[in-house]
Amino acid sequence: MERPGPSEVTGSDASGPDPQLAVTMGFTGFGKKARTFDLEAMFEQTRRTAVERSRKTLEAREKEEEMNREKELRRQNEDIEPTSSGSNVVRDCSKSSSRDTSSSESEESSGSSDDELIGPPLPLKMMKEPGNHIEEDIVGPLPPPLYEDAEDDDDDDDGDSEEEENPVQKIPDSHEITLKHGTKTVSALGLDPSGARLVTGGYDYDVKFWDFAGMDASFKAFRSLQPCECHQIKSLQYSNTGDMILVVSGSSQAKVIDRDGFEVMECIKGDQYIVDMANTKGHTAMLHTGSWHPKIKGEFMTCSNDATVRTWEVENPRKQRSVFKPRTAQGKKVIPTTCTYSRDGNLIAAACQNGSIQIWDRNLTVHPKFHYKQAHDPGTDTSCVTFSYDGNVLASRGGDDTLKLWDIRQFNKPLFSASGLPTMFPMTDCCFSPDDKLVVTGTSVQRGCGSGKLVFFERRTFQRVYEIDITDASVVRCLWHPKLNQIMVGTGNGLAKVYYDPNKSQRGAKLCVVKTQRKAKQAETLTQDYIITPHALPMFREPRQRSTRKQLEKDRLDPLKSHKPEPPVAGPGRGGRVGTHGGTLSSYIVKNIALDKTDDSNPREAILRHAKAAEDNPYWVSPAYSKTQPKTMFAQVESDDEETKNEPEWKKRKI
């Protein structure tokens, strides 16, 4: 390809881009000038367009309102025309309908308003107020005074607000159902976020699952299990997604199970011989309680008798995520009895046995962010701490029979304190109502000394506004679900009660109450009662005689029964068996072990057989006693023949 000369290039620029050059470069837009945009002009054009559209819209709206007013005026004139005394009044009214903005005409029209107005007179308040000028185009009865209605509405709203401000009316306690967990204390309650399933745990080691949608009026649990074997259940809580349950028992290892009760993970146990608890991988002593993180899925927290609060992750059960170590003012260990997350999950609060409440930042484990030393009496177990829904107030249920409210923004003294609330359980609950206006807790009683109560306090004034008598046992756990607006209570006699209101509550217990109890099927009742006759079952029948041929054939196939006995070993032993005789010493000893070497001879004769040799050749005993031993003298024994010789004659004759 020949390179174009200067004149050709100039000519191509004047006439436009060269098509051959465009083909060579690979795109057709080569050589064209780029477009330039003026942003300020574009913005100005857009602004003008918007202003024009707004003006047109306003004009159309004003025109439509003008037409509506004319139609309304025409309709009112038609209604007034039959009742008027003459056509002059209507003519004067139609003339006065023309709008005049001059002040003189408005004064004249206001001066003659008593003659021209048709309809009832003005109300007194409107007549007195100078701002309410009467327009000349008004024909017919005047509209009602809006401000009076507004005042009435305000009064009604004030009444409604007073009703709404009374939080006692929102307590759902008109109806109740009772779920029979067992005979021992219900020490744990958990309700999933949707409110479909309730889980209860108790001192009898059992965890029971209740499904409101699948349960009928018999109120029976659909599953019961013992996830921690012989340890009491202390805390149960659903995760924020509702697919896992945190189980805290009296052991040192917390467990996580799924919705159906199958184990998901178990925390590792720490080394109890390590002094610094931060260097162990898990708890080394009994647990007290646990809590899920409200925002992060799979993170939870536990506190234990080893004086630590530990956070965990479900994906890593072999080691905790972080360790918080509560300390006294002197720096000594102190055992946390309960712990919880704040509503946003950024703070961790724990109450300790020395009566203090300590709050940490979740990401800073060294020093607590807030520390109040004498929150409750030292030596008592604070059973519960919980945050309000707005996250600014902390409620603590102490073992000193008190309930206190704290403002974490000014954590130097309690806002309110209520006493006279006896508690005898280390897990007595307290909670806030869904609207944050009430604080609820339970009371404990001795057996046969009254009834346990659910006590309601108003958060703003902390007045004791309401009580519910639950049962003749202590109230241990309480839970107010925000979605269902139902209150769940766990008692000391093995009952779990659900309080609800058909008008104020949603789903939950309302689903199972309306279902009738299922009747047992006829087939099931028939199969339960049997009459067993003697020798009817195979296990009671006598075995009948069978032929020996089949039995011999089976024995022949049996490798043990058909094994040939081992023949006696001839010669030296082999295969681990000892031979009958052999040339080794061991075989000789083994062979002679079983020989019978009993001697049936007279022992006296066997000894005296060696007496003459011992006398002739003394070697052992006699030389030692030769000088001191007297001479041995044996008695002479006569033979039978000599005795007969010495007998008298008369005896011989007799014999």
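Just so you know, residue 1 is the first one in the sequence shown, and it goes up from there. Keep in mind that this is a model prediction, so the values were computed, not measured.
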Salt bridge (charged side-chain N to carboxylate O under 4.0 Å, His left out) for Arg459 and Asp390? Distances and angles first, verdict last. CA-CA 12 Å; Arg459 172 185 164 181; Asp390 58 13; 2.8 Å; yes
Look at the side chain of Thr311 and the backbone N and O of Ser322, then say whether any donor-acceptor pair between them is shorter than 3.5 Å. yes
To the nearest 0.5 Å, tell me how far Thr340 OG1 sits from Met301 CE. 5.5 Å
If we ignore hydrogens and angles and just use 3.5 Å, is the side chain of Thr402 paired with the main-chain N or O of Ala418 as donor and acceptor? no
In plain terms, say whether Glu299 and Arg362 are close enough for a salt bridge, that is, a side-chain N and a carboxylate O under 4.0 Å apart. yes
For a side chain to side chain contact (heavy atoms under 4.5 Å, CB included) check, start with the C-alpha distance between Arg197 and Tyr238, then their side-chain angles and the critical distance, and finish with the verdict. CA-CA 10 Å; Arg197 284 189 179 181; Tyr238 274 90; 3.6 Å; yes
Any ion pair linking Lys208 and Asp206 (charged N to carboxylate O, less than 4.0 Å)? no
Salt bridge (charged side-chain N to carboxylate O under 4.0 Å, His left out) for Asp192 and Arg259? Distances and angles first, verdict last. CA-CA 9 Å; Asp192 68 341; Arg259 287 176 61 87; 3.3 Å; yes
With a 4.0 Å cut-off, would you call Lys255 and Glu263 a salt bridge? yes
Can you tell me how far CZ of Phe212 sits from CG of Leu484, rounded to the nearest 0.5 angstrom? 7.0 Å
So, the side chain of Thr441 versus the backbone of Asp429: is there a donor-acceptor pair under 3.5 Å, distance only? yes
Does the cation-pi check pass for Arg343 over Tyr389, that is, NZ or CZ under 6.0 Å from the six-membered ring centre and within 45° of its axis? yes
Does a side chain donor of either Thr280 or Arg310 reach within less than 3.5 Å of an acceptor in the other side chain? yes
